[in-house]
4 protein chains.
Amino acid sequence: MNNGAKEKTMKKVDGRGQRSEESRGRILNSATRIFAKKGLDGARIDEIAEDAGINKRMLYHYFGSKEDLYVEVLRFNYEKIYTLSKNAFNLADDSKENVTRAVRAYFYFLAKNEDFVRLTSWEALNGGRFAKKVIPQFFDLVELEFGDIIKDGIKRNFIRPDTDIRQVIVSVQALCLVYFNRREIVQPLWQEDLLSEEMLEVRLQHILALIFDGIFSHEEE
Amino acid sequence: MNNGAKEKTMKKVDGRGQRSEESRGRILNSATRIFAKKGLDGARIDEIAEDAGINKRMLYHYFGSKEDLYVEVLRFNYEKIYTLSKNAFNLADDSKENVTRAVRAYFYFLAKNEDFVRLTSWEALNGGRFAKKVIPQFFDLVELEFGDIIKDGIKRNFIRPDTDIRQVIVSVQALCLVYFNRREIVQPLWQEDLLSEEMLEVRLQHILALIFDGIFSHEEE
Amino acid sequence: MNNGAKEKTMKKVDGRGQRSEESRGRILNSATRIFAKKGLDGARIDEIAEDAGINKRMLYHYFGSKEDLYVEVLRFNYEKIYTLSKNAFNLADDSKENVTRAVRAYFYFLAKNEDFVRLTSWEALNGGRFAKKVIPQFFDLVELEFGDIIKDGIKRNFIRPDTDIRQVIVSVQALCLVYFNRREIVQPLWQEDLLSEEMLEVRLQHILALIFDGIFSHEEE
Amino acid sequence: MNNGAKEKTMKKVDGRGQRSEESRGRILNSATRIFAKKGLDGARIDEIAEDAGINKRMLYHYFGSKEDLYVEVLRFNYEKIYTLSKNAFNLADDSKENVTRAVRAYFYFLAKNEDFVRLTSWEALNGGRFAKKVIPQFFDLVELEFGDIIKDGIKRNFIRPDTDIRQVIVSVQALCLVYFNRREIVQPLWQEDLLSEEMLEVRLQHILALIFDGIFSHEEE
DNA sequence: AATGAATGAGCTTTCATTCAT
DNA sequence: AATGAATGAAAGCTCATTCAT
């Protein structure tokens, strides 16, 4: 259905096709926000349509059903993180630098994409039921490529050879996600706004310190 | 309401009051399971009532509304982890031992209480909106007491003095929770069942290794 | 059903029968208040039972059903006005005095029996559907006896011979009832409390003046 | 809500908006009939929807809730009597004529609008709770303008100067309303149909006679 | 391409009534 | 005589979806 709609737009380069593509985009944006906020069950088609400023009927025209729209929202948002992994994850010689760059990129991606964080959390509670329709191997691909970085680090003897790469992937993801995921809940522990630039950097440094002093061999210390 | 019902039962030890308490309990158990599985919005009162084997009306009689029932379910389940924190967290002389015992207790509590894990995750997405009615300072109390253990460790010079206790609390919680939280999603990375005794122990050891080699001073290495 | 319960009580003079009669009375009083306030549809069995301080089950034991209870409430309250008509309506020689006494008695009866006023109003909206089960000729009997007073007045030449007795009955009833009936609605027209002794007397005098100067021959003026 | 829907219709004179307005009107008519008959508590949304021949959902779409619909019904019906008071109550030189015209207009308005009579009676039992949302000063405005007529009559020396205008307003309203209000109850007193043209006129003449011979100075007699 | 109006199924909630003790 | 617990039917209300233009 997604593809179908896209092809249509391709064909028609005149005014009508563009409006159509614009409507589709507006729906997608509104749906992202509202599904992120309330989940599949909590979201209301009426609210999305009103927020997008379009007629409810068009929403069905473009996306078929609430569930299909939800899946498209997942696709739309996961494409963003694909892009991230393509760009920010090139191996350099310094393993520590590689890991730092990757973690930083992931962490700040999450910081800037609260909707993605929430969508991924709803999906976790769904057991990835819908995301699987979008990503065969659901599970941020970032993490898979992060695995390569670790593997490379082991080769170069920077990282302990007995390191369980999969566990590390899961852990790094957890350490980053949790900060946004449970932000409202842990916020009371701090005076400062958890999303301020300073606090974000504090958290990132904490994560890096925890990881490095754990997984790196300690010969250099 | 909870207390009220209990007192009633206290008074009458004969058959009458007990059935009431039993019904209440059955509702609470069914509701726990179904809210855990589907969340507040996804759960259906009919399903809960049928599962509990009682008339829908009684559910309203005992709990007032769907939302109130949900809050009672949170209370009911959070009481379990209170108990944990009361019992398993007594300070010994060995700081490493203290941390290990606490993390192990928490980790295995989560392993045995999938419903709790899921309820807490739904609540995170709700910003703790409902849990706040149950726990003034929502956020597993376990973690707060875990803070004392870290503090004690710092005093004894086992743990680095510059450690940010709150960040560690958040991180430990993340490292434990993620494993159950996103289990269905990360499972494809492994052949083995993530909930098998062996795999649980593997994860726990990974967490401990990550933590220790990070937060402990490295004089002993 | 009413009689049945009474006979029972007659038989048993010991404690049990008295309690039973007392419970019945409490239910009737509570039901009167609540039916008067909210009507048959608006009243709730639970509320009546709680207000009477008895178990809902007893209410069904004594009265059979909500509707039957309502009918008993009507009977219970109409008996009060029967008593009135028996006592206050004896013919004297002075026709004006007779009418005055009767109207005054009726007006103050209503003033002191707000519940009766409301019950009779609900019944009017019901077309007397339920009251008919209690009084064959529903319609305050007072009024019928009031008819005799008028008739007597005509005989004595105090009242115009062309007076339509039935219309007068309806009108007098209206003039008295409306004051209590629509009290909350007309109250804003006055500063004073419509139920104060002074205001009640003002209204009564207005009614009497309106009636007399209308229906009496004007020879004496 | 009322205005909103009307504006909508204004914009689009083609088929689309009109059906909406028509549905709204059908609901209002059905609701008037059924609320008049059974009151707010006795009426059933399903019955109204079925009677209006529309889907229950639309009723909520247009009116929001049962109570809101009830309020709109009151507004809708009170507008009718506003119109009456605007048209039929212009002062002429003859005071008797003025009063007669006003009472006649009011009396026949009631005769032709049984629903209005009943709605106003339910509201009286509600203490005007809902009508207050529609009319700041609930209480037929007719009556207030009737007050002006009386006042004018006093000026012209046709009506006794000590007349309490507010009492007269209440009384006239009572004398008219009661005939329709309690019609089913008093009907057994007559053989004829109370709503027949003849009987209506009889009642009206009775009311006028009662009023005039009371409130007018009797010099002319 | 776009829309206002409409719908049926299903949701939460309520209520008069009865069961079991 | 009295009661706490339980129930089925139906109420008010909501929602994803489709019709007609």
Side-chain angles (χ1 to χ4, degrees), chain A residues 8 12 15-20 22-23 41 43-49 54-62 64-67 69, chain B residues 8 12 14-24 41 43-49 53-62 64-67 69, chain C residues 8 12 15-24 41 43-49 54-62 64-67 69, chain D residues 8-9 11-12 14-24 41 43-49 53-62 64-67 69:
Chain A
K8 256 188 217 165
K12 314 187 175 181
R16 275 159 77 197
Q18 284 181 348
R19 276 186 62 195
S20 127
E22 192 211 317
S23 289
D41 286 319
R44 296 291 164 247
I45 286 288
D46 280 283
E47 192 185 357
I48 293 172
I54 55 103
N55 187 280
K56 220 184 341 178
R57 191 65 191 76
M58 291 319 291
L59 192 153
Y60 281 91
H61 179 65
Y62 287 125
S65 78
K66 187 190 188 186
E67 211 173 288
L69 172 58
Chain B
K8 261 185 211 164
K12 318 195 168 180
D14 58 24
R16 282 205 281 247
Q18 282 183 341
R19 285 196 47 199
S20 143
E21 190 65 7
E22 191 209 317
S23 290
R24 210 178 173 278
D41 287 319
R44 295 290 163 250
I45 286 289
D46 280 284
E47 192 184 356
I48 294 171
I54 53 100
N55 185 282
K56 212 182 350 177
R57 186 64 187 76
M58 293 317 287
L59 194 152
Y60 283 92
H61 179 66
Y62 288 125
S65 76
K66 188 189 188 184
E67 208 174 293
L69 172 58
Chain C
K8 256 189 217 166
K12 314 187 178 181
R16 274 160 76 196
Q18 284 181 348
R19 275 187 61 196
S20 128
E21 188 63 8
E22 191 211 318
S23 289
R24 207 178 174 282
D41 287 319
R44 297 291 163 247
I45 287 288
D46 281 281
E47 192 185 357
I48 294 171
I54 55 101
N55 187 281
K56 217 183 343 177
R57 190 65 191 76
M58 290 320 290
L59 192 152
Y60 282 91
H61 179 65
Y62 287 126
S65 75
K66 187 190 186 184
E67 210 173 289
L69 171 58
Chain D
K8 262 186 213 165
T9 318
K11 280 182 195 164
K12 319 196 168 183
D14 58 24
R16 281 203 282 248
Q18 283 183 343
R19 287 195 48 200
S20 144
E21 190 64 6
E22 192 211 316
S23 290
R24 208 178 174 278
D41 287 319
R44 294 291 164 248
I45 285 288
D46 279 284
E47 191 184 357
I48 294 172
I54 53 100
N55 186 282
K56 211 186 347 177
R57 186 64 188 77
M58 292 318 286
L59 194 151
Y60 284 93
H61 179 66
Y62 288 124
S65 76
K66 188 189 189 184
E67 208 173 292
L69 172 59

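In what follows, chains carry the letters A, B, and so on, assigned in the order in which the sequence lines appear, proteins first and then strands, with residues in each chain numbered from 1.
Between E/dA5 and D/Ser20, a contact under 4.0 Å exists linking OP1 or OP2 to a side-chain N or O. At the phosphate of F/dA1, neither OP1 nor OP2 sits under 4.0 Å from any side-chain N or O atom of C/Tyr62. Regarding contacts with the backbone of F/dA6, a side-chain N or O of B/Ser23 is found under 4.0 angstrom from either OP1 or OP2. Phosphate contact (OP1/OP2 of E/dA6, side-chain N/O of D/His61, threshold under 4.0 Å): absent.
Counting to the nearest Å, the P atom of E/dA5 and the CE atom of D/Met58 are 7 Å from each other. As a whole-Å value, the separation of D/Glu21 CD from E/dG4 P is 15 Å. If you take CD1 of D/Ile54 and P of E/dG8, they are 11 Å apart, rounded to a whole angstrom. Atom CG of C/Leu59 is separated from atom C1' of F/dA1 by 15 Å (rounded to the nearest Å).
To the nearest 0.5 Å, atom NE2 of residue B/His61 and atom CE of residue B/Met58 are 4.5 Å apart. Remark: A/Ile54 CD1 to A/Leu59 CG distance equals 5.0 Å, nearest 0.5 Å.
The two residues D/Ser23 and D/Tyr62 make their nearest non-hydrogen contact at CB-CE1, 4.0 Å. Here the closest non-hydrogen pair linking C/Tyr60 and C/Ser65 is CE2-CA, 4.0 Å.
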Can you name the atoms? Protein N/O to nucleotides 16-18 of chain F N/O, anything below 3.5 Å, with the distance.
unit_1: F/dA16; atom_1: OP1; unit_2: A/Ala43; atom_2: O; d: 3.3
unit_1: F/dA16; atom_1: OP1; unit_2: A/Arg44; atom_2: NH1; d: 3.4
unit_1: F/dA16; atom_1: OP1; unit_2: A/Lys66; atom_2: NZ; d: 2.9
unit_1: F/dA16; atom_1: OP2; unit_2: A/Ile45; atom_2: N; d: 3.3
unit_1: F/dT17; atom_1: OP2; unit_2: A/Tyr60; atom_2: OH; d: 3.1
unit_1: F/dT17; atom_1: OP2; unit_2: A/Lys66; atom_2: N; d: 2.9
unit_1: F/dT17; atom_1: O4; unit_2: A/Lys56; atom_2: NZ; d: 2.5

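By the side chain to side chain contact (heavy atoms under 4.5 Å, CB included) test, B/Lys66 pairs with B/Phe35, B/Leu40, B/Arg44, B/Ile45, sequence neighbours left out.
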Legend entry - Secondary structure string for DNA chain F (Watson-Crick or G-U under 3.5 angstrom, | for other-strand pairs): .||||||||||||||||||||
